[in-house]
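Let me begin by presenting the structure, written as structure tokens, before commenting on it.
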There are 2 protein chains.
Amino acid sequence: MAGRELSERGAGTRALILDTALAAFAESGYRGTSVRDIATRCGLTHPALLYHFPTKADLLMAVLGRRDDSEGRAVGFDELHGRALLDHLVDTARRNSARRGVVELYATLSAESTEPGHPAHAYFVARYASLREAVTRAYRELEADGALRPGIAPATAARQLVALMDGLQIQWLLDPELDMAEALAAHVEAQLR
Amino acid sequence: MAGRELSERGAGTRALILDTALAAFAESGYRGTSVRDIATRCGLTHPALLYHFPTKADLLMAVLGRRDDSEGRAVGFDELHGRALLDHLVDTARRNSARRGVVELYATLSAESTEPGHPAHAYFVARYASLREAVTRAYRELEADGALRPGIAPATAARQLVALMDGLQIQWLLDPELDMAEALAAHVEAQLR
DNA sequence: GTCTATAACGTGATAGAC
DNA sequence: GTCTATCACGTTATAGAC
């Protein structure tokens with residue numbers, strides 16, 4: 001591609017901004033973080049940042065989008081089936097215990113974005129729907145294999161598991177002694193046979 | 001008591017402010033609501049409001065405290081035992097379906113207040129601890145009555161139930177079609193025998 | 001294409017008059 | 001107990017230099 005060196009610095013700045021914004025949002029939430037803070041941490045003035053991302057909401061969406069690309073959905077829910085998918089979620093909870101900031105970001109944002117006018121509202125609606133769908137599929141597969149305790153409805157179980165993940169995060173953030181992965185694993189264990 | 005009529009008008013204003021603040025926080029969250037908004041809704045200027053509650057955080061704590069007195073803890077967790085306490089929680093979820101604003105307030109606040117510096121941090125740490133304690137007691141009572149499925153640890157079950165309530169609220173706020181009470185009741189049902 | 005300077009406004013909070 | 005006036009700061013956004 002021609003003009004690579006022209007956009008090189010710009011691309012680097014963009015990536016720096018995204019990294020810094022992720023950390024800042026994670027520390028203080030979306031509403032609690034100012035564009036000036038992020039810009040200053042990058043060695044920029046805030047209008048310079050707003051050149052790359054016209055609005056604070058745009059920046060937020062870019063941060064969320066990049067995380068999905070790099071780590072979240074890229075692991076590939078579609079390739080995981082049955083028990084393996086549930087185990088993957090337990091594992092995610094375990095790994096999250098080492099990244100308090102990210103957990104704080106998602107906990108704060110998912111609650112904030114509940115309001116229909118929030119910039120990340122559509123993102124979270126879609127995120128939860130697709131997560132519930134994948135987990136429902138996993139429970140259906142377990143059911144077909146006869147590995148699910150009778151009387152457990154896959155769709156309900158999926159909503160419960162997703163809810164459990166969110167709720168355990170709140171309790172863990174308030175008291176890091178609590179073990180998210182353990183409580184999650186115990187729940188899954190109790191549903192299988 | 002002497003001097004009652006002196007504080008009468010003041011007490012009325014105080015109550016008006018608390019009612020209005022509850023509604024406003026419920027609509028827009030703590031950070032999303034300005035002291036000016038609340039004051040204007042009360043027909044006051046914002047310094048007048050800050051005469052009654054010196055700080056925005058003080059106002060928040062007063063709102064939370066009054067709710068606990070009037071409706072929450074006053075129902076009396078101490079008087080409820082075993083299954084009755086769990087049923088009461090399911091019922092609370094059912095009643096909450098008619099009060100979106102309050103659910104939004106608590107969901108947003110519990111996530112926000114996760115940060116140690118937040119004005120409501122200590123409040124929520126204590127709130128969760130006492131709730132978990134009460135629920136743990138209920139599960140222990142069920143266990144002693146032989147009503148709890150074997151292999152379920154009361155303390156873990158309590159953390160799970162509290163987490164489930166929080167997580168279901170998020171999903172319900174994002175999609176009001178979902179039935180919080182139903183998913184909660186199904187979970188409890190699956191734990192008992 | 002990248003950034004500095006600045007505008008225009010809203011915020012929580014305080015001082016002091018009435 | 002409530003007001004006006006004001007403060008210092010943070011917010012999004014734009015005009016224009018390099």
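Sequence lines set the chain letters: A, B, ... in the order given, protein chains first and strands last, and positions in each chain run from 1.
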Subject >> Phosphate-side-chain proximity, T45(B) and dT2(D), N/O vs OP1/OP2 below 4.0 Å >> reply: no
**OP:** Flag the pair E115(A) and R100(B) as a salt bridge only when some basic side-chain nitrogen lies within less than 4.0 angstrom of an acidic carboxylate oxygen.
**Re:** no
Original post:
Salt bridge or not for R66(B) and D19(B), using N-O below 4.0 Å?
Top reply: yes
Original post:
Can a donor-acceptor pair be found between the side chains of E141(A) and H81(A) at a distance below 3.5 Å?
Top reply: yes
Original post:
How does each nucleotide of nucleotides 7-18 of chain C score, in 5' to 3' order, for protein heavy atoms under 4.0 Å: base (B), sugar-phosphate only (S), or none (-)?
Top reply: B---BBBB----
**OP:** Take atom CD1 of I38(A) and atom C1' of dG10(D), then tell me their distance rounded to the nearest Å.
**Re:** 13 Å
Original post:
Distance check: side-chain N/O of T13(A) vs OP1/OP2 of dT2(C), anything under 4.0 Å?
Top reply: no
Original post:
Are H118(A) and F124(A) close enough that their ring centres sit under 6.0 Å apart?
Top reply: no
Original post:
At under 4.0 Å, does any side-chain N or O of Y51(A) touch on OP1 or OP2 of dC3(C)?
Top reply: no
Subject >> Between dC3(C) (P) and R14(A) (CZ): distance, integer Å >> reply: 13 Å
Original post:
CG/L86(B) to NE2/H187(B) distance, rounded to the nearest 0.5 angstrom?
Top reply: 9.0 Å
**OP:** Specify the separation, in whole Å, of atom NE2 of H52(A) and atom C1' of dA13(D).
**Re:** 16 Å
**OP:** May I have the distance from L49(A) (atom CG) to dT14(D) (atom P), rounded to whole angstrom?
**Re:** 15 Å
Original post:
Is the Y30(B) ring parallel, tilted or perpendicular to the F25(B) ring (thresholds 30°, 60°)?
Top reply: tilted
